[in-house]
Each structure stands twice: as C-alpha cells, then as structure tokens.
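First the structure, in the form of structure tokens, and then the observations on it.
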There are 2 protein chains.
Amino acid sequence: MNTLNATHNPQLKSWIASANLANADFPIQNLPFGVFVAHGQTQAHVGVAIGDAILDLAVVHQAGLLNLGGDNNAVFNSSSLNAFIELGAATWSQVRAQISALLSADNPLLRDNQSLRDQAIILQSAAKMLLPVAIGGYTDFYSSKEHATNVGCMFRDPKNALLPNWLEIPIGYNGRASSVVVSDTPVRRPNGQIKAPTQERPEFTACKKLDIELETGFIIGRGNALGEPIACADAEQHIFGMVLLNDWSARDIQTWEYVPLGPFNSKTFATTISPWVVTLEALAPFRVATPTQEPQPLSYLQHQVGVNHGVDIHLEVQLTPEQSQQPSTICRTNFKHMYWSMAQQLTHHTASGCNTAVGDLMGSGTISGPTPDSFGSLLELTWNGANPLTLADGSTRQFIQDGDELTLTGWAQGEHYRVGFGECSGKILPAHRLK
Amino acid sequence: MNTLNATHNPQLKSWIASANLANADFPIQNLPFGVFVAHGQTQAHVGVAIGDAILDLAVVHQAGLLNLGGDNNAVFNSSSLNAFIELGAATWSQVRAQISALLSADNPLLRDNQSLRDQAIILQSAAKMLLPVAIGGYTDFYSSKEHATNVGCMFRDPKNALLPNWLEIPIGYNGRASSVVVSDTPVRRPNGQIKAPTQERPEFTACKKLDIELETGFIIGRGNALGEPIACADAEQHIFGMVLLNDWSARDIQTWEYVPLGPFNSKTFATTISPWVVTLEALAPFRVATPTQEPQPLSYLQHQVGVNHGVDIHLEVQLTPEQSQQPSTICRTNFKHMYWSMAQQLTHHTASGCNTAVGDLMGSGTISGPTPDSFGSLLELTWNGANPLTLADGSTRQFIQDGDELTLTGWAQGEHYRVGFGECSGKILPAHRLK
C-alpha cells in the first residue's frame, strides 16, 4: 500500500480551483470517500471531496465516466461506503486513478461538460454528510505510550505508570458501535453514577468531567473469518482508510465504573468521527517509521522489516465556547508518536480468532505527544483539572462546558499541498434534567 | 408483560404429539421464534418451535393462516427475526395468539390440511438453525452476586470480594457482536498472550484455561434513540425475549490482558447462543421477585413496586468428552438468583444516553447459585483448577479439553409442562498450530 503512483504526483492540479490552495484539506492528491445528501434531496450518494466541493460518484458513474468493472450502480446510490469497499482494494485503487484523471486540470471530459458538471459537482456547504460506513464493530485501542504513562501517573503509581502488559499488548477494548456519530452531530452531556472519595454512596447526576480523546480511526476494508487471524504482514491490506475520531469520555463516571471490566457508560454515550475516509493509498507518501519498541514485541506482532508502519499526520484540537465563538487551539500533536501501529492493533485483535468485517471501526486511542501542549485529552492537558487552560476569550477550562464545540483537525503535509481529514466536530448540549 | 392470557393455559395441548410430552422444551405454551433453513433449501424462513418440529411461518403466512395486519411477507422470508421484531409488541402478541390457536389440538385448519401441513411442519432434525437475530450490539453484564464474589475471592481480596461499585451498578461491558454464533457452531481454542507469574515475559500460545460462562441473554425488541434513556418502569417493554448464552472465556489470556480496560481477546473469539428466542410473554407465568437489594439502588434503578422482575429458569451445563461421548452434568443453577434484573441492566445501559436497537443482545453475566454445584463456570466449579471435576467417564477436568462439547440447557417448569430453551452447544476444536 506504500507504493506511489500517478495519483500521488505533487505537481497535479485540479480544475476545481479551491483544491489547489496550499492549505486545502482536499487537493487532488487526497480524494477521500464519504456519503452525503445534497440539500433538497433525500437519496444518499457516495462522493469524493475535492477542494470545497464534492464529486458525486453516483452521477459520474451513471454518466459512464467511471468504470467499476461490472454493473454496480447501487454501490454509489448508497447510504454507506460498505458496498463500494466490498469491491476490494484493486477497485478502490482503479476508481481513485479514474477520479484523479477526471478532476485533473487538463482533462476536459467533465470540466467542459457544463450540464453534467452542474449535477456532479456539489458544494460541501450545500450537502449534509452522513456517517461514512455502516459500522458493525467498533474497537478502541490505547496505543500512545505518552497517554498511557500520563494516565498511569495520575491514577496509579507514577513510578510504575505503565502497566506490565502495556509494552507487550496493543491494549484495546470493545466500544459501542451504535453511538458512533458523524461530525456536527450535537452530543448530550451524559448523566451517570459519580462518587466522590468523600461520599459514602454514589449519586446519579450530570457528568462534571466531560472530556475529549483526540484519536484517529481506521476502517476495515477486508474482513477475516471467525477463527482465522490476520498476520501482521497482511494487516494493512485489510485497511481501507482513516478518519479523525473523538472518543468523548465522562471521566468522573469512568473512575467509578471501570474496575474490573473497563469503561462503559463513560464512553458509550457518543463517539464522533469525521465524514471523509482518507484512504491508505492517499497516505502512502506520508508513511514513517513507528517509534522503536523495547522490548521487541512477540513474533506475531513484529512488523515487516523495511516497511514504515506509522503515518505523519499533524493533529489539532480547537475548543470554541458558545458565547464568545472564539476558537482556541488547545492541543497540537502527531499520529507518528503512536507506539503500536494500526497493523499491530489489527493483528492482535484477530490473533484469538476474532472476526472483522468491512466497515468496522478501530480507534487508535488518545494520541498524546511528548510535550504538555501535545496531550490529546483535557484530563492530561489540565492534569485532571489541577491546571486549568486559559482560552482565547479569557475563560478557563478544567473540562468541557455546555455549549463548547470541540473540533479535531488533521493533515499530512506534502510539498505545497496537504492531505487533510476535514473536521471532526461536536457541540455539547446540557444534560437531561433529572426528575 | 406479566399478564397471562389464553396462550398460557397449562391445559392447552397441540396436535403435534411431541409437544405434549411432560419434558418437551417446546410445548404449545412456549412458541419461541427462530430462523431456519430446511435441508435441501437455501432460503431462510422464520419459524416457531413446537415439540420436535418447526412451524414455518413463511408458509402459513403465505397460505393466509397468519394475519400480520399488512403486506409483510418479507418478514418471514428472512434470515433474521429483526423485521418481525420491528413490527412491535402488539404484533408479537397477536401472532403468538394466532399460532397458539393454529396449533391447538382441537383446531382442524392446518391439522387436517395434509398438503399444507407437509409444507408448514418441518422436523427440527431436518433443518439447520441460523443465528436468530442480526446483532448490532452485544453487551455482557456481570450481575450474579455469587459469581462476582467467587471471582473476587479467587483473584482479589476474600474479605472484600465484591468491588465497591458492584452493589451500586449493574456492571457491564461491550462485547464483540461479530463473533456471536448459533448453537452447534464449533469453537476454535484461541491462541493468545499468556504470562505465568514466574515468567518475565508472556508467550503467545494456545489457551490452557478455556472456560464456559453459563448465561442467559435478552434480545432488544424496541430500541431507544441516542441521548434518550429508558426508564426502569419501561425497560421490559423494550425486551423481545431470551436465549441461553455461553460466554466462552480464555482465563489465562484474560488474567494478563484485562487491566485496565477489561476483557478483550479472552472473550472475542466466540460467544454461543441458543437458536430459539423464548418471548417474555411465554415466560410471564414464571416471573419471580429478584433477591433483596441492600443497599436500595439509586432511584433510577429502582423497580416498580409489586412487579416481579426475576424469572424462575432452571439451568444446567453438560460436558461431553469426544472419546467417551458420556455427558456429565457439571452445573445446576437458576436464573432467579441474579441480583440485578434485566430491567435494571437495560436502564443502566441507556442511562448515559447510549442507544440500542432491535436485535441487540445483552448477556446476563455468569449465573452462579449459592452452592458449589451451582457455579456457572469451570473457574468457579474447580476453583481455578485446584479442585478438578471427575466426569461420568472417569476423566477429570480443570478446564475444557479439545473435543469437549459443552451444552447449556434451561427451562421454566410449569405444572405438567415446561417452557424450555432447547440447547446452546459448542464443541472445541484444537487451536491453530503456531509457526
């Protein structure tokens, strides 16, 4: 998947002018897939983001400008990418190449066909994005050494911050797929059981320590059968692409509930992902080595020698209070810091024989970097509230307040262009009042 | 749901003679729903178990003998019960009443229509059962006080065996829906990371402490929207019915992996459920009070006064070694011992706003009774291997061996009849050999 081809040419330009801006998330080198409903329409279509617009794949396929190698019109007239993904990696790559050609500045085919172009090119501002995939299973990992160390320092023993299994296992747990929502879906602050150390019994009340977790997620592109593990060398062939992911977390609910079976109500109220799936192929120019692993992982988790399993993705979090509408960037970090790779996560997930399917979502775990401004959660940024953040509008935050909008962004930086993820955003509604 | 009606009449008999035997799991008072493919056929149909046979609902509906109140033929020509369940509780109850009438000994309509009867009545031995529902989300609880106490004694502090949150929260965690399989699906022993206390590092090897967990599961019959909790008083209206559930567990993998985010590879390799969903309506005559809860739960978890939230279901586990084929009953217990009810589990699950959907599966947690022969796992029955069981064929077991078949059965005992669950069975295949 790390091989470069004509679609990666940094010199490529599109006849969609907004795609050629240096800070555009969606240049012609990106071509992420998503599902949208154009304003005034009811049918969902599969599209590709290009600049500030969407190329409607249902329209261009219907018009004969895309060849899927068969009668597959339903694939793009769909409310999820799953049917397209099921067609396999060779098709993803062929479709990507065809779209790259179709949108290239020097290709008149669609560019100069004004009536078709009017149908096929929709402004992103004139469409509603849907969840890009039907997610059968959602798994969340815990693969940032810095994050796990910070949490261990805060809640366990600073001298033994990492638990003994952490350096051996890409620790993960099953999340709740039903509450994964697409960016811009409001998120209601959860009620839950909370118990202060001074209280004899818990109370059922609104979460007071609502938090983000800055993560990426990868989408399974090819499943595996029950009882048939995926080898580490093959793992990336099972990945379609990546999204940004905010693993909203109710820290006070989590503290009380999570021993011994892990987080549950503290996480299951919502998980937000970005609407555009950036393919692994689009990220091929940005692959980097993962950090050195010491001790060397057990053999089933060992990477192929000479292959880069990390990705250089710059990540940021913005917090925008409702009243001031002044955004503050509260975190800047990078996916390249992750200790365990996506390949190792998927290998471990299936090592016991667990099956996966197209559309399954795997979260990276909170992505914290080595410096305090690169921590991927308010828990770490404010050290569990001890060091409040001061925002651009002068207000302070220990955790998220009602009306705050949290926005994750991320991009891989090329020369004169970037392969971006767009936004993964959610605004907090007040908790339901209890009777 | 606890109201009795004509379908519960203990005097009712069917013209299917095998349904009238005193120890039949599927008398006319039961009528559980499942999905099957008759031998030689390819299309899955929805059916109802009656004695040793299946009533094919697609056939009787097509013949005009079942009224669904609309044009709903696809509902029974389906590989899952989901579409039927979506029709709602009033329809489940109406269909149950119609089927009860149709199968009643004195009703000649189908009984005396030999050609239709030949199509509509299939021997269970001439059909393959499928997973009864498409499961979007699978959650497993931990609601037996005896089980939680036993585990706490073994692995934590016998003097404080129950963790502080256990008496306040129906503790649960997200399971892996993709690996839920129907009874009679072979289960492959997982490989995984295992670390003995004496070892410096773990090894990746076949599980040596493979175990069962005897559970029941309930199937969501009506979902709730994200952000909209279900009140405890309404919770049972969201439940369609119950199945037997074996939460296969790799104890040695679990011990090493589960801190801090809970069990993962130790559970995700397989969960087996029984094929017939026994409706809550069929279980209405067997409702009993749940054990007294002390302290009284927080108000959101409090039961309606005067309503029985438990069910009296006798449960057994048999172990049959491959070589001897001699079954041994290794556990006898009862669902009525469960501390937290299904209503409380579902209420807590959604209290944070987590959404559920038709077909979601909620496991009870291991059902252990108060006596050593009523423990619902080998972990407890053998006290983590310290007291091996001696089987009928003279062999002993600390944990499950390759070729062992584990079978759960369960029934609610009425006067002269029982409402049974059939079998929830799985045979263990040897682990994949590692390179």
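Every value quoted in this text rests on a predicted model; they were computed, and no experiment measured them. Chain identifiers are assigned alphabetically (A, B, ...) following the order of the sequence lines, protein sequences preceding nucleic acid strands; residue numbering begins at 1 within each chain.
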So A:Phe264 and B:Thr139, side chain to side chain contact (heavy atoms under 4.5 Å, CB included) or not? Walk me through it. CA-CA 10 Å; A:Phe264 185 53; B:Thr139 303; 3.5 Å; yes

Most chain B-contacting option - heavy-atom pairs closer than 4.5 Å, from A:Gly223, A:Ala250, A:Gly227: A:Gly227

Looking only at heavy atoms, the pair that brings A:Arg156 and B:Pro260 closest together is NH1-CB, 3.8 Å

Stepwise side chain to side chain contact (heavy atoms under 4.5 Å, CB included) test for B:Ile169 and A:Trp256: CA-CA 9 Å; B:Ile169 300 178; A:Trp256 171 235; 3.5 Å; yes

Heavy-atom cut-off 4.5 Å, strictly under: side chain, backbone, both or neither for A:Ile253 against chain B? neither

Could you look at A:Asp360 and say if it's the side chain, the backbone, both or neither that has a heavy atom under 4.5 Å from chain B? side chain

Could you tell me which of A:Gly353, A:Ala177, A:Pro263, A:Ser299 has the largest number of non-hydrogen atom pairs under 4.5 Å with chain B? A:Pro263

Heaviest contributor of heavy-atom pairs below 4.5 Å to chain B, chosen from A:Ser179, A:Pro190, A:Ser178, is A:Ser178

More than 12 heavy atoms of other residues, nucleotides or ligands under 6.0 Å from CD of A:Gln199: yes or no? yes

Is chain A contacted by the side chain of B:Pro229, its backbone, both, or neither, given a heavy-atom distance below 4.5 Å? side chain

Counting only heavy atoms closer than 4.5 Å, note whether B:Arg189 contacts chain A via side chain, backbone, both or neither. neither

Checking B:Tyr300 against chain A: side chain, backbone, both or neither under 4.5 Å from a heavy atom? side chain

For chain B, the option from A:Leu261, A:Thr268, A:Ile171, A:Thr185 that forms the most heavy-atom pairs under 4.5 Å: A:Leu261

Looking at chain B, which one of A:Leu429, A:Asn265, A:Leu301 has the largest number of heavy-atom pairs inside 4.5 Å, strictly under? A:Asn265

Taking all non-hydrogen atoms of both residues into account, name the closest pair between A:Glu168 and B:Gln193 and its distance. O-NE2, 2.8 Å

Over all heavy atoms of both residues, which pair between A:Arg176 and B:Thr356 is shortest? Give the atoms and the distance, please. NH2-CA, 3.6 Å

With only heavy atoms counted, which part of A:Phe204 is less than 4.5 Å from chain B, the side chain, the backbone, both or neither? both

Residues A:Leu226 and B:Phe269: closest non-hydrogen pair is CD1-O, 3.3 Å

So which part of A:Val187 gets closer than 4.5 Å to some heavy atom of chain B, the side chain, the backbone, both or neither? neither

Partner chain A: residue of B:Pro164, B:Gly192, B:Gly137 with the largest heavy-atom pair count (under 4.5 Å): B:Pro164

Heavy-atom pairs under 4.5 Å with chain B - which of A:Glu228, A:Glu203, A:His432, A:Arg188 has more of them than the others? A:His432

Measure A:Leu163 against the heavy atoms of chain B and call it side chain, backbone, both or neither at under 4.5 Å. side chain

Which one of B:Ser352, B:Gly262, B:Gly136 has the most heavy-atom pairs closer than 4.5 Å to chain A? B:Ser352

Structural part of B:Ile135 lying under 4.5 Å from a heavy atom of chain A: neither

Quick check: do A:Arg201 and B:Leu298 have side-chain heavy atoms less than 4.5 Å from each other? yes

